[in-house]
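Below: one structure, written as structure tokens.
Basis for what follows: all heavy atoms, side chains included, without hydrogens, waters or symmetry-related copies.
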Amino acid sequence: MKRREEIEDSIELFDSFEKEFPLLTRDITKTIGLSDHTMEVYYEDGSVGIYDQLLHSFRYIPRKTRQQMTESRWRIELGHKIYRTMMERGLLMSELSDISGISYSSLSRYINGHKSPGSYTLKRIAAALGVEVGYLTDFERYYD
């Protein structure tokens, strides 16, 4: 593992990861900060992990058995990204509903992965969150 001084992102984010997931800090080759609250963790075997300090979560994506992107997986990942971005911005779902003009119940179905928003609706959600649509769908690179 690289020394902490050589890690590309903030020491505070890595320290938080190390406290929450101490067993997952072995065999790391590098880390890359994705935002103030998230980082990618690369392992010697080619696997990737995504640590989210805001949600206190870690998603492990094994390199040898990368999952296929399915419609169901896409809905779940998109919902997670919308929720995480909403939390990062300090917005409640009711506030996002007001800003975007999308009903609270529809937003709930999107966030929980029960339904996919259409392209125009996704654009409205992204605009209300102050991000590009591509930011909300950048999870696709982890899947085949």
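- Once rounded to the nearest 0.5 Å, the distance linking CG of L13 with CG of D36 reads 8.5 Å.
- For the pair E88 and S35, the tightest heavy-atom approach, listed with the atom from each and the gap, is OE2-OG, 3.4 Å.
- Linking ILVMFWY side-chain heavy atoms closer than 4.5 Å, directly or via other members, places L92 and I82 in two distinct hydrophobic clusters.
- Rounding to the nearest 0.5 angstrom, the gap separating the NE2 atom in H37 from the OG1 atom in T85 is 11.0 Å.
- Between R84 and L54, the shortest heavy-atom contact is O-CD2, 3.8 Å.
- The distance from atom CG of L96 to atom CD1 of I102, rounded to the nearest 0.5 Å, is 7.0 Å.
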Just do the side-chain contact (heavy atoms from CB on, under 4.5 Å) check on Y43 and L24 with the steps written out, would you? CA-CA 9 Å; Y43 291 95; L24 299 175; 3.6 Å; yes
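- A distance of 8.0 Å separates OG in S16 from CE in M39, rounded to the nearest 0.5 Å.
- A donor-acceptor pair is defined here as one N or O able to donate and one able to accept, closer than 3.5 Å; no such pair exists between the side chain of S97 and the backbone of M93.
- Between T31 and I28 the shortest heavy-atom distance is CG2-CG2, 4.0 Å.
- Annotation: E20, atom CD; neighbour count of heavy atoms from other residues, nucleotides and ligands within 6.0 Å is above 12.
- For S108, the side-chain hydrogen bond (donor to acceptor under 3.5 Å, both in side chains) partners two or more places apart in sequence, or in a different chain, are N112.
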side-chain contact (heavy atoms from CB on, under 4.5 Å) evaluation trace for I50 with I61: CA-CA 8 Å; I50 300 137; I61 304 161; 3.5 Å; yes
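- Residue L107 is not grouped with residue I76 when hydrophobic side chains (ILVMFWY) are merged at heavy-atom distances under 4.5 angstrom, including chains of intermediate members.
- Between D52 atom CG and Y83 atom OH the span is 10.5 Å, to the nearest 0.5 Å.
- Scanning both residues, G90 and E95, for their nearest heavy atoms gives O-OE1, 3.9 Å.
- Of all heavy-atom pairs spanning P22 and T25, the tightest one is O-OG1, 2.8 Å.
- A donor-acceptor pair is defined here as one N or O able to donate and one able to accept, closer than 3.5 Å; no such pair exists between the side chain of S116 and the backbone of R75.
- Atom OH of Y42 has more than 12 heavy atoms from other residues, nucleotides or ligands within 6.0 Å.
- Between S119 and V133 the shortest side-chain heavy-atom distance does not fall below 4.5 Å.
- The 12-atom threshold is not exceeded at OH of Y104, counting heavy atoms of other residues, nucleotides or ligands nearer than 6.0 Å.
- No side-chain heavy atom of V41 sits less than 4.5 Å from a side-chain heavy atom of F14.
- In this structure F58 satisfies the ring-ring contact (aromatic ring centres under 6.0 Å, His included) test together with F17, F21, sequence neighbours excluded.
- Residues K81 and T137 fail the side-chain proximity criterion, which asks for heavy atoms closer than 4.5 Å.
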Can you give the donor-acceptor pairs under 3.5 Å from side chains of residues 121-129 to other protein atoms, not counting sequence neighbours?
unit_1 : atom_1 : unit_2 : atom_2 : d
R124   : NE     : S100   : O      : 3.2
R124   : NH2    : S100   : O      : 3.1
R124   : NH2    : G101   : O      : 2.8

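- Between R59 and H80, the closest side-chain pair of non-hydrogen atoms falls below 4.5 Å.
- In this structure, R89 and G130 approach most closely via the heavy-atom pair NH2-O, 3.9 Å.
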